[in-house]
2 protein chains.
Amino acid sequence: MTTTPPPRPRLRPTAAPARRGRPPTGSSTLSRDAIVLAAVEVIDAEGVEAVSLRSVARRLGVDAKALYNHIESKDSLLDAIAGEVLSRMVVPALTGDLSIDLMAIAQAFRVAALSSHRGAATLVLSRPVESLANLAPLEVTLAAFMGAGAEPEWAVHAVRTTLAYMTGTLLREASAGLTLGADDPEIAGPREAALVETGLPHVARVAPYLSRLDHAREFDFGIKILIDAFVAQLERASLDTRER
Amino acid sequence: MTTTPPPRPRLRPTAAPARRGRPPTGSSTLSRDAIVLAAVEVIDAEGVEAVSLRSVARRLGVDAKALYNHIESKDSLLDAIAGEVLSRMVVPALTGDLSIDLMAIAQAFRVAALSSHRGAATLVLSRPVESLANLAPLEVTLAAFMGAGAEPEWAVHAVRTTLAYMTGTLLREASAGLTLGADDPEIAGPREAALVETGLPHVARVAPYLSRLDHAREFDFGIKILIDAFVAQLERASLDTRER
DNA sequence: ACCTGAACACCGTTCAAGT
DNA sequence: ACCTGAACACCGTTCAAGT
């Protein structure tokens with residue numbers, strides 16, 4: 001079904017030699033930022049696994065190797081994409097109520113990680129942050145904990161625990177994680193039956209719930225457990241010191 | 001530097017044609033299990049990213065395409081590897097004490113996920129379990145919760161929360177996750193200084209702790225928070241029903 | 001300073017041809 | 001039933017040659 005266009009008539013016999021070097025026509029739009037943005041576009045359009053130097057370059061109308069003038073490697077490009085997506089997180093202003101503030105931060109993180117194509121989330125969640133850029137979310141989370149009287153060391157543990165939970169939950173939500181439940185009732189039905197068939201008594205008993213999964217509610221369940229536990233522990237600590 | 005070997009004298013003019021088909025010599029050791037095991041060997045020796053159909057086949061002394069007689073695709077091979085690693089988890093016997101049992105299950109999961117090359121962990125943690133095999137860990141965890149009086153639906157939420165936390169923590173530990181801390185003091189030192197330099201007040205204040213990371217202790221901190229919260233919530237629920 | 005051609009050493013996968 | 005050759009459409013990356 002692919003029709004070859006008719007050959008254009010060559011008016012000038014002086015055929016141009018195979019062109020090399022930077023084409024003079026191009027209004028050199030190539031830059032590190034433009035590359036990262038183009039990569040995000042590829043993710044939005046075709047998913048993470050479609051990201052290649054060639055696919056990104058194609059979107060920029062340039063050869064893949066040209067990217068090496070602005071990035072160090074594909075891996076560093078992936079890091080940059082993760083940073084870009086994370087930088088879009090809207091860090092909420094603190095109210096002074098730890099419960100409310102932690103919940104707001106968690107929701108903002110979830111929105112940022114899952115915004116744009118879900119595939120981008122796996123990048124954000126599975127690569128180490130080593131650039132010290134984008135520390136705003138961390139700073140505000142620490143501020144929330146320490147404003148509520150947390151010791152520095154304890155605050156770091158609490159932040160890491162929260163981040164680990166969110167990473168695990170969102171990775172599951174981005175359709176790449178340990179899970180048995182399904183969003184789609186078309187899938188959940190047969191799966192429930194299969195779980196009952198396993199013969200494992202407890203698995204069979206919880207099959208109706210295990211076969212179904214509401215990502216938003218599941219995220220809330222765990223984050224509430226953690227927040228309540230943090231608040232309770234801080235209250236206990238402040239009571240201890242006041243008693244003396 | 002590549003020396004071509006001298007051509008062997010051909011005694012028989014009936015030169016064998018380019019051999020095709022299954023070589024009669026091979027004691028056909030190829031099987032799905034053998035392939036999965038060879039893949040795990042590749043991971044242990046060279047890391048996850050070294051796993052390719054060609055590298056696995058090489059270890060088996062066979063052509064890469066031969067694998068397609070036993071596996072459906074590379075992706076299904078990765079699923080099988082994850083299943084194999086998970087199947088090595090030693091599921092602990094329950095004591096009846098929810099705190100103790102949950103902690104034992106969590107530690108066993110951590111050991112299984114991190115056993116062999118760390119790269120295998122990312123496979124186990126980042127692929128959905130869809131084969132209904134290997135449900136033993138899930139069954140025993142549900143048994144622990146429900147033995148302590150948990151409602152089926154709540155037990156499912158609790159299991160998912162715990163698994164999400166462990167996934168996030170272990171992914172960080174398998175050197176692929178959101179983290180700023182380092183195991184190595186050689187790295188932690190300069191990183192602490194860099195964190196202080198950021199100018200972010202709370203980040204700077206917690207820099208000594210944020211720059212350091214003891215994976216085992218960190219895992220324990222979060223899992224204890226969760227377990228205590230679960231136990232407290234179950235106690236409250238049982239008090240509520242008894243009061244009536 | 002920045003882009004391309006040629007080249008290299010890889011990938012996963014299909015399919016017909018062999019035993 | 002199971003393995004290989006040939007082939008295809010991809011990869012990331014280096015480096016010299018061009019502008």
Side-chain angles (χ1 to χ4, degrees), chain A residues 1-2 14-36 38-39 42-43 45-82 119 123 127, chain B residues 1-2 14-36 38-39 42-43 45-82 119 123 127:
Chain A
M1 215 42 194
T2 49
T14 55
R19 48 196 145 80
R20 262 209 194 181
R22 176 195 354 219
T25 59
S27 52
S28 172
T29 43
L30 215 49
S31 72
R32 193 183 161 84
D33 282 351
I35 292 170
V36 173
V42 171
I43 294 178
E46 309 171 63
V48 235
E49 65 286 344
V51 175
S52 72
L53 295 186
R54 283 166 165 91
S55 67
V56 172
R58 201 178 303 132
R59 199 165 277 261
L60 292 163
V62 98
D63 188 277
K65 301 179 293 311
L67 304 187
Y68 281 101
N69 290 301
H70 306 92
I71 62 167
E72 303 73 48
S73 63
K74 182 186 179 180
D75 219 58
S76 73
L77 172 59
L78 295 179
D79 283 340
I81 298 170
L123 243 44
R127 331 213 109 230
Chain B
M1 218 35 200
T2 50
T14 57
R19 50 195 148 81
R20 263 207 193 181
R22 174 191 2 209
T25 58
S27 51
S28 173
T29 43
L30 215 51
S31 71
R32 194 183 161 85
D33 282 351
I35 291 170
V36 172
V42 171
I43 294 179
E46 310 170 62
V48 234
E49 65 286 345
V51 175
S52 72
L53 295 186
R54 283 167 164 90
S55 66
V56 172
R58 200 178 303 133
R59 198 166 277 262
L60 292 164
V62 98
D63 188 278
K65 302 180 295 308
L67 304 187
Y68 281 101
N69 290 300
H70 305 92
I71 62 168
E72 303 71 50
S73 64
K74 182 185 181 181
D75 219 58
S76 72
L77 172 58
L78 295 180
D79 283 341
I81 299 170
L123 242 45
R127 331 213 109 229

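It should be emphasised that the depicted structure is a prediction, and the values quoted were computed from it without experimental measurement. Reminder, nothing fancy here: chain letters follow the sequence lines and each chain counts from 1.
For A/H70 and C/dA1, the NE2 to P distance is 12 Å, given to the nearest whole Å. The separation between A/D63 atom CG and D/dC15 atom P is 17 Å, rounded to whole Å. Going from atom CG of A/L60 over to atom P of C/dT4 covers 11 Å, rounded to whole Å. Remark: P of C/dC3 and CG of A/L67 are 9 Å apart, rounded to the nearest angstrom.
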Evaluate the criterion side chain to side chain contact (heavy atoms under 4.5 Å, CB included) for residue pair B/V51 and B/L123; output intermediate values, then yes/no. CA-CA 11 Å; B/V51 175; B/L123 242 45; over 6 Å; no
Dot-bracket notation for DNA chain C is requested: 5' to 3', Watson-Crick or G-U wobble pairs only, both distances under 3.5 Å, with ( ), [ ], | and . as defined. ||.|||||...|||||.||
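Here the straight-line distance linking atom CD of A/E72 with atom CG of A/D79 works out to 9.5 Å at 0.5 Å rounding. In this structure, B/L77 CG and B/H70 NE2 are separated by 12.5 Å, a value rounded to the nearest 0.5 Å.
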Given protein heavy atoms under 4.0 Å, the one-letter contact record of nucleotides 9-14 of chain D, with B base, S sugar-phosphate only and - none, is simply --BBBB
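B/A50 and B/S55 get closest at one heavy-atom pair: O-OG, 2.9 Å.
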Expected list for residues 59-69 of chain A: side-chain donor-acceptor pairs under 3.5 angstrom, two or more places apart:
{"from": "A/R59", "atom 1": "NH1", "to": "A/E41", "atom 2": "OE1", "distance (Å)": "3.3"}
{"from": "A/D63", "atom 1": "OD1", "to": "A/K65", "atom 2": "N", "distance (Å)": "2.9"}
{"from": "A/D63", "atom 1": "OD1", "to": "A/K65", "atom 2": "NZ", "distance (Å)": "2.5"}
{"from": "A/D63", "atom 1": "OD2", "to": "A/K65", "atom 2": "NZ", "distance (Å)": "3.2"}
{"from": "A/N69", "atom 1": "ND2", "to": "A/A66", "atom 2": "O", "distance (Å)": "3.2"}

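Contacts of B/N69 with the nucleic acid, taken as non-hydrogen atoms under 4.0 Å apart, include base atoms.
In this structure the side chain of B/L78 never reaches within 4.5 angstrom of the side chain of B/V48, judged on heavy atoms. The closest side-chain heavy-atom distance from A/R58 to A/V42 is not below 4.5 Å.
Of the possible donor and acceptor atoms, none in the side chain of B/S76 sits under 3.5 Å from a partner among the backbone N and O of B/I71.
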